[in-house]
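In what follows, every chain begins at residue 1, and chains take the letters A, B, ... in the order their sequences are listed.
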Amino acid sequence: MIRKTKFWVILFSAVFVIGIAAFFLLRSAGAGQGATARIWLNGEIVQEIDLGSVVVPYEFDITTDLGTNRVRVEHGSIAVVSADCPDQVCVRQGAISGGYIPIACVPHELVIDILSPED
Amino acid sequence: MKSSKRIALCAALAAVALTIFVAESQIPPIVPIAGVKLGLANIVTLVAMVLLGRRDALIVLVVRLVLGAAFTGGFSAFMFSAAGGLAAYLVMAVLVSVFPEKLLWVVSVLAALAHNAGQVLVAVFVTSTPGIAYYIFILAASGVVTGVFTGVASIFLLRAIRSSGILK
């Protein structure tokens, strides 16, 4: 069986489809509800923000020995708008408003996730 | 193969791997999701393993990881490429003799999946944030795509090296 091309094509197609589907389900689960953002630095929650109570958008910097990320908070969503890391993945990821997929800036050990109201 | 030739070939492959690795790190990420990248340097690990065997492939990999970290910088970047590269190496080392060369792309996909799993593990470990583990789904999907791509590239590169006559 493991020498059959067909077996692998089917298996890998399934992994691809399930992976994409699971990712987008996890990302959109519970999105848009009045949620709390948690900012993690090296495994510790350093700040919690009730996104539902934010009226005027604001920005602030998170600076550690490893670098700085500028975070923008709006009503119901949170985003990293700039970072002094080379890859800029966390910036390009954009705002999150819910779901289980966190914003990850791994070089700075910074993670921002959203605690859904039902948790 | 004469040992002088073997050493020269190892060095050439390490140089190719390093060039590909540094060049790839200069390309902005195509998909804005942490960890999704092509992993082109795995092509060289796989080709080295088929042509020169497991031991020389490990030498090529370690040279690339250490020099790659020196050129692109950062200890955390090194941890990531080392975890991914070594996980992919282990999978290739076990499977390369199990599969016929026609199915080398399967080895490549499984190696890419191991590469991404290793990187997610390091990310969970470095940030100490379990939520990062949810990335495994999208990285599994991207590993399939990049693994097929690097696998097919490896098959073409092997063909080109063999027909070039430098192995004789």
Report, in residue-number order, which members of residues 88-103 of chain B are under 4.5 Å from chain A by heavy-atom distance.
B/Val98, B/Phe99, B/Pro100, B/Lys102, B/Leu103

Non-hydrogen contacts under 4.5 angstrom with chain A: give the residues of residues 131-143 of chain B involved, or none if there are none.
B/Gly131, B/Ile132, B/Tyr134, B/Tyr135, B/Phe137, B/Ile138, B/Ala140, B/Ala141

At a 4.5 Å cut-off on heavy atoms, which part of [X] comes close to chain B: side chain, backbone, both, or neither?
| X | answer |
| --- | --- |
| A/Val106 | both |
| A/Ile20 | both |
| A/Asp113 | neither |
| A/Val9 | both |

Hey, any chance [X] and [Y] share a hydrophobic cluster, counting ILVMFWY side chains that come within less than 4.5 Å of each other, even indirectly?
| X | Y | answer |
| --- | --- | --- |
| A/Val17 | B/Phe149 | yes |
| A/Ile96 | A/Val89 | no |
| A/Leu66 | B/Val124 | no |
| B/Leu158 | B/Phe156 | yes |
| B/Leu65 | B/Leu121 | no |

ILVMFWY cluster membership beyond A/Val55 - transitive side-chain contacts under 4.5 angstrom:
A/Val56

Side-chain donor/acceptor of [X] to backbone N/O of [Y], under 3.5 Å:
| X | Y | answer |
| --- | --- | --- |
| B/Ser108 | B/Leu104 | no |
| A/Asp84 | A/Thr68 | yes |
| A/Gln88 | A/Ala83 | yes |
| A/Ser77 | A/Glu74 | no |
| B/Glu24 | B/Leu40 | yes |

Please determine whether side-chain contact (heavy atoms from CB on, under 4.5 Å) holds for the pair A/Val71 and A/Val73, giving the CA-CA distance in whole Å, both sets of side-chain angles, and the decisive distance to 0.1 Å.
CA-CA 7 Å; A/Val71 175; A/Val73 180; 4.3 Å; yes

Can you pull out the residues in residues 57-65 of chain A with any heavy atom less than 4.5 Å from chain B?
none

Most contact-rich option vs chain B, by heavy-atom pairs under 4.5 angstrom, among A/Leu26, A/Leu11, A/Leu41, is A/Leu26

Test side-chain contact (heavy atoms from CB on, under 4.5 Å) on B/Val44 and B/Leu18; report intermediate values, then the result.
CA-CA 9 Å; B/Val44 180; B/Leu18 186 61; over 6 Å; no

Enclosure of A/Glu44 CD (heavy-atom neighbours >12, cutoff 6.0 Å):
no

Closest approach of A/Ala79 to A/Ala95 (non-hydrogen atoms, all atoms of both residues)
CB-CA, 3.5 Å

